[in-house]
Amino acid sequence: MTNIYPQIVSVFYSLLIIFSFCLKKKIRSIENKLFGLMIAGNFIGLLLDIIAFILVKNACTLLITHFICKLILIYLLLWIFTMTVYIYVISYKMSYSDRQNEKKKWKKYSNFKKVIISLEIIGCLICLISPINVITTNNNAYTTGIANTMIYILSAILILFWIVIMLINNKNIKEKKFYPIYAYIILGLFTSILQFNYPGMIIITPVETFITILMYFTIENPDIKMIEQLNIARETAEKANHAKSDFLSSMSHEIRTPLNAIVGLSEDIASHEALPDEIAEEANDIVSASHTLLEIVGNILDINKIESNKMEITEVPYNFREEITELAKINGTRIGEKPIDYQVHLAQDIPYELIGDKIHVKQIVNNLLSNAIKYTDQGSVSFTVKCINQKDICLLIITCQDTGKGIKAEDITKLFNKFERLGIEKTSTAEGTGLGLAITKKLVELMGGTINVQSQYGKGSIFVVQLPQKISQMVELHPKQQEEVEFLKVDDPYQNKRVLIVDDNPLNIKVAKVSLKDFSFQLDECSNGKECIDKIKGGAHYDLILMDIMMPEMSGESTLTELKKIPGFDTPVIALTADAVSGAKERYLQVGFKDYVSKPFTKAIIKEKIDAIFLEKNE
Ligand code: ADP
């Protein structure tokens, strides 16, 4: 009886592996399939061993015992062949997904499989036809004969073949997936020798169970495979993401440069007073279209920055009421002819000056307001800001309610996903990229706030943003003091100030000049870094330099580094660049630029930056 113990114990382990393998979620791979065949086959092999034992013990007819013994030989044959295919697959890294790309490799594999299947059929026929001797001992039975000898010889040849395949693929030979194979080769040889000398010891099937257990816990565990696959998928996605970022950064640069000319020059044309009506209208259309395009490019860059964790929250003091009132006014003009009752209400207790990321707070409000107006055809759009002031913090509660098309309940969860445009047919005229709300949510979260939405499809939506901002100044300066301040400012702070524009592209110089037209600056220009350095070295003095970054021969950065070496040079330099990708700003400030303006810029943006520099100087 002792001889059958290994089989009985192995049956339990084999069942455990089969259950656990079948119940686990698996990825679709050839190794999985082959491993499944191996564990199922091994289980049958163990059962056959046990049946043979029982038959011999009960002295059953020789015919049945013969048949079962032949089945055991067939099992041994099929198992070792399956293992051979398995080793081929892991050595040559066969995967279903490569089927299209690596046709040659797959053709080889399919030929190999054909050879193996033919050999299997021949082997099985030999086992079935050839006579075998069943020798019964006290405890067990074993066989001798042509089939047995054939299996010994075939096993030796196949093991040699495995070693050859693995040596050919010697690059991967140290990989963990080959360990169970090494174990099988060593244990297989050891058991063959044992069995050859003591034919009554039938332990090859339990040894195979042991190998499947080893394989399960090292390489064939579906969980491990799934993790491996996920890692590969993650790496691929990361690579794709990098490629996307690179593409975006170059695209942004290429698009922003010409867009700079369109925005700057169309704004200038539209601001002329004596234009014929038709041209004025067209100029305004170009301004509006170029702003939309600017917004789209900006949104793509923003989402890119957010995704690479490079979006920075910059805190500055700002007058919330003033900024938001202006923004609400601009949005109001977008209503056009639509019968919409537009109401804006800002609570009285909102502090006069807050500290926060003004630009991004405005971006959040702008996204909510422009959506409400865009997706509402009639009824009302109401925008309210209330606040809760606690010590130094003001919690802004921004509510934007509309009676527009609303959002279906099942779409609410998708609302903040990027590129998600809900229920909007491709032919729809509502402009947008589906990025606004994705950016809004991320910005709100970066500032420590929350955003919530309630909507009824066909009836309207309410968006509520809660945003904490620091309080800088609770109330406005005393009106008298303000008058004094205004009095102090009566002098034009820009008069007689000399500004130098450095850019290799004449069109860009033209645009920069046009955008500075409203200031009473004395403008000068030059087309490269060297010329700029020469001017300064020659004694020219400027109050501000606007410097392009990407210039042939000498970049804006190296020009500035050279300028800084000139004794007494302290002119503020603003970088003008189309390179608006993540991290650019920090880089420029580090080099020593006073500020950074990304092209294309509107008159308003350039004015804001210049104001900041001159007003700071005046203080
Ligand atoms: P965009 O407006 O560019 O399409 P957003 O990210 O701002 O992208 O909005 C995503 C989608 O959410 C919109 O396409 C629209 O279907 C829906 N949506 C946003 N705001 C509203 C709103 N106030 N009313 C109805 N639907 C809205």
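Whatever order the structure lists them in is the order used to number ligands and atoms, beginning at 1.
Using the six-membered ring where Trp is involved, F463 and F416 have ring planes that are perpendicular, over 60° apart on the 30 and 60° scheme.
Side-chain contact check for I355 versus Q469: every heavy-atom pair is 4.5 Å or farther apart.
Judged purely by atom type and a 3.5 angstrom limit, S455 uses its side chain to pair as donor or acceptor with the backbone of I407.
Those atoms of ligand 1 that come under 4.0 Å of a heavy atom in K374, given as number and element, are 1 (P), 2 (O), 3 (O). With ligand atoms numbered from 1 in the order given, ligand 1 contributes 1 (P), 3 (O), 4 (O), 6 (O), 8 (O) to contacts under 4.0 Å with heavy atoms of G434. Interface atoms of ligand 1 facing L435, defined by a heavy-atom separation under 4.0 Å, are 6 (O), 8 (O). Below 4.0 Å from some heavy atom of G406 lie the following atoms of ligand 1, by number and element: 25 (C).
No donor-acceptor contact under 3.5 angstrom links the side chains of D402 and Y375, judged on distance only. One side chain, N367 or T440, offers a donor N or O that lies under 3.5 Å from an acceptor on the other. Donor-acceptor pairing under 3.5 Å is recorded for the side chains of Q343 and D341. Of the N and O atoms on the side chains of N505 and D548, not one donor lies less than 3.5 Å from an acceptor on the other residue. Between the side chains of S558 and T561, not a single donor N or O lies within less than 3.5 Å of an accepting N or O.
Residue L437 places at least one N or O, backbone or side chain, under 3.5 Å from an N or O of ligand 1. The distance criterion of under 3.5 Å between nitrogen or oxygen atoms is met by G436 with respect to ligand 1.
Residue G404 places no heavy atom under 4.0 Å from ligand 1. Residue contact check for ligand 1: L415 places a non-hydrogen atom closer than 4.0 Å to it. Heavy-atom separations between F463 and ligand 1 include at least one value shorter than 4.0 Å.
By heavy-atom distance, the residue among L369, I412, I296, I407 lying nearest atom 26 (N) of ligand 1 is I407. Looking at D411, N371, I439 and measuring to atom 7 (O) of ligand 1, the nearest heavy atom belongs to N371.
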